[in-house]
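Indexing begins at 1, ligand by ligand and atom by atom, following the structure's order. We're numbering straight along the sequence, starting at 1. Basis for what follows: all heavy atoms, side chains included, without hydrogens, waters or symmetry-related copies.
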Amino acid sequence: MTESAETQQHPVAGNRFVAIWTSVIGKKVVMAVTGAVLILFVIAHMVGNLKIFSGQEEINAYSRFLREVGWPELGYGQLLWLVRIVLLVCAVLHITAAVQLTRMNWRALPVGYENRKDVETTWGAVTMRWGGLLLAVFIVFHLLHFTGGLVGFQSGQFEHLMVYQNVVAGFSVLPISLFYIVAMGALCLHLDHGIWSMFQTLGWVTVQNTKSIRTFSRLVAIIIFVGFISVPISVLAGWLR
Ligand code: HEM
């Protein structure tokens, strides 16, 4: 469906934000901007995780620092909560826009078109949707696992703020490590296409820079993949214990 056709279906005089949200391009911009915030978090988190290679003291102190930062202006954990709220809002908007755009796409397809096997563009899009779903499942599991210690640990094994010990114990369980590695593969694919799409939506792709932006997206996705999987692999290999 074209942008103008979509806007006509939802006449929203007066409220600019609603007008942006109800248009196809508006949803794409919301996906691009929230995606950018989420990518920045993922990069910061990946770099933070690498502190585990500097030893227990370093990474456990980092976990305390994340809660104490901003003191005395901010109370214990307040900045962390602010970051959590921003991330949650971005994730909800990102997923909602993705689901709605998918539905709009399906509705806009001529009858029978959705069953065609020869439509070249659907491959990337299908990977984005299933990969995105896997990532959503992963994040829920991950929060229950390393933030809450509610799954994947024997009773009494998980200790709040003892990130090093928690990560080593958590990744000593092979199926859990494998799940993380597969999920990081999905994240890599999602970012490879997602970063590229984000640049396109924001209008930064030109004929001259298309190839460089594709390479850049792939490179960032691979660096994030390698950075994240280095932790479970190091635990499984016995380099971190
Ligand atoms: C091998 C990969 C990963 C490892 C080892 C890892 C490790 C951790 C650990 C140890 C924590 C708890 C930190 C603390 O309590 O101080 C944490 C929290 C978190 N991680 Fe990951 N993580 C990984 C991948 C990811 C990915 C790919 C995402 C997002 C796409 C993610 C999102 C989060 C979030 C949202 C939190 C909660 C932060 C909070 O509210 O305290 N993680 N992670």
Engineer: Distance under 4.0 Å to a non-hydrogen atom of L187: what atoms of ligand 1 satisfy this?
Structural biologist: 27 (C)
Engineer: Provide, to 0.1 Å, the distance between atom 26 (C) of ligand 1 and the closest protein heavy atom, together with that atom's residue and name.
Structural biologist: F138 CE2, 3.7 Å
Engineer: Show the atoms of ligand 1 that are less than 4.0 angstrom away from any heavy atom in S63.
Structural biologist: 14 (C), 16 (O)
Engineer: For F171 and ligand 1, answer yes if some heavy atom of the residue is under 4.0 Å from a ligand atom, otherwise no.
Structural biologist: yes
Engineer: Compute the ring centroids of F179 and H145, then answer whether they are less than 6.0 Å apart.
Structural biologist: no
Engineer: Starting from atom 25 (C) of ligand 1, find the nearest protein heavy-atom neighbour and note its residue, name and distance.
Structural biologist: H45 CD2, 3.5 Å
Engineer: Answer side chain, backbone, both or neither: which part of L143 comes under 4.0 Å from ligand 1, heavy atoms only.
Structural biologist: side chain
Engineer: Strictly distance-based, threshold 3.5 Å: is any side-chain N or O of N166 a donor or acceptor partner for the main-chain N or O of E159?
Structural biologist: yes
Engineer: Does F158 have its ring centroid less than 6.0 Å away from the ring centroid of F146?
Structural biologist: no
Engineer: Could you list which atoms of ligand 1 come closer than 4.0 Å to a heavy atom of V167?
Structural biologist: 10 (C)
Engineer: Looking at atom 7 (C) of ligand 1, what's its closest protein heavy atom, distance included?
Structural biologist: H142 CE1, 3.5 Å
Engineer: Within a distance under 4.0 Å of any heavy atom of R67, pick out the atoms of ligand 1 and give their elements.
Structural biologist: 14 (C), 15 (O), 16 (O)
Engineer: Give the residue, atom name and distance (to 0.1 Å) of the protein heavy atom nearest atom 35 (C) of ligand 1.
Structural biologist: F41 CZ, 3.8 Å
Engineer: Side chain of R67, backbone of S63: donor and acceptor closer than 3.5 Å?
Structural biologist: yes
Engineer: Just go through F146, W81, F65 and tell me whose heavy atom is the nearest to atom 12 (C) of ligand 1.
Structural biologist: F146
Engineer: Tell me the closest heavy-atom pair linking S234 and F53, and the distance in Å.
Structural biologist: OG-CE2, 3.3 Å
Engineer: What is the closest protein heavy atom to atom 39 (C) of ligand 1, and at what distance does it sit?
Structural biologist: R84 NE, 3.2 Å
Engineer: Need the ligand 1 atom indices (1-based, order shown) with element for anything under 4.0 Å from a heavy-atom of V42.
Structural biologist: 30 (C)
Engineer: What atoms of ligand 1 come closer than 4.0 angstrom to any heavy atom of N49?
Structural biologist: 3 (C), 4 (C), 5 (C), 6 (C), 7 (C), 22 (N), 23 (C)
Engineer: Enumerate the atoms of ligand 1 whose separation from the nearest heavy atom of M184 is less than 4.0 angstrom.
Structural biologist: 27 (C)
Engineer: Measure L66 to ligand 1 on non-hydrogen atoms and call it side chain, backbone, both or neither using the 4.0 Å cut-off.
Structural biologist: neither
Engineer: Does atom CZ (R218) have a neighbourhood of more than 12 heavy atoms from anything else shown, all under 6.0 Å?
Structural biologist: no
Engineer: Cut-off 3.5 Å, side chains only: do T210 and R214 have a donor facing an acceptor?
Structural biologist: no
Engineer: Check whether any side-chain heavy atom of I52 sits under 4.5 Å from a side-chain heavy atom of Y164, and report yes or no.
Structural biologist: yes
Engineer: Answer yes or no: is there a donor N or O on one side and an acceptor on the other, between the side chain of E58 and the main chain of G55, under 3.5 Å?
Structural biologist: no
Engineer: Is the closest heavy-atom distance from T147 to ligand 1 below 4.0 Å?
Structural biologist: yes
Engineer: Suppose we measure from atom 1 (C) of ligand 1 to each protein heavy atom; which comes out shortest, and what is that distance?
Structural biologist: F228 O, 3.3 Å
Engineer: Crowded around F216 CZ? As in, over 12 foreign heavy atoms under 6.0 Å?
Structural biologist: no
Engineer: Which residue and non-hydrogen atom of the protein lie closest to atom 13 (C) of ligand 1, and at what distance in Å?
Structural biologist: V163 CG2, 4.3 Å
Engineer: Hey, are N209 and T206 close enough side-chain-wise for a donor-acceptor pair under 3.5 Å?
Structural biologist: yes
Engineer: Main chain of G227, side chain of S230: is a donor-acceptor contact present, judged purely on distance under 3.5 Å?
Structural biologist: yes
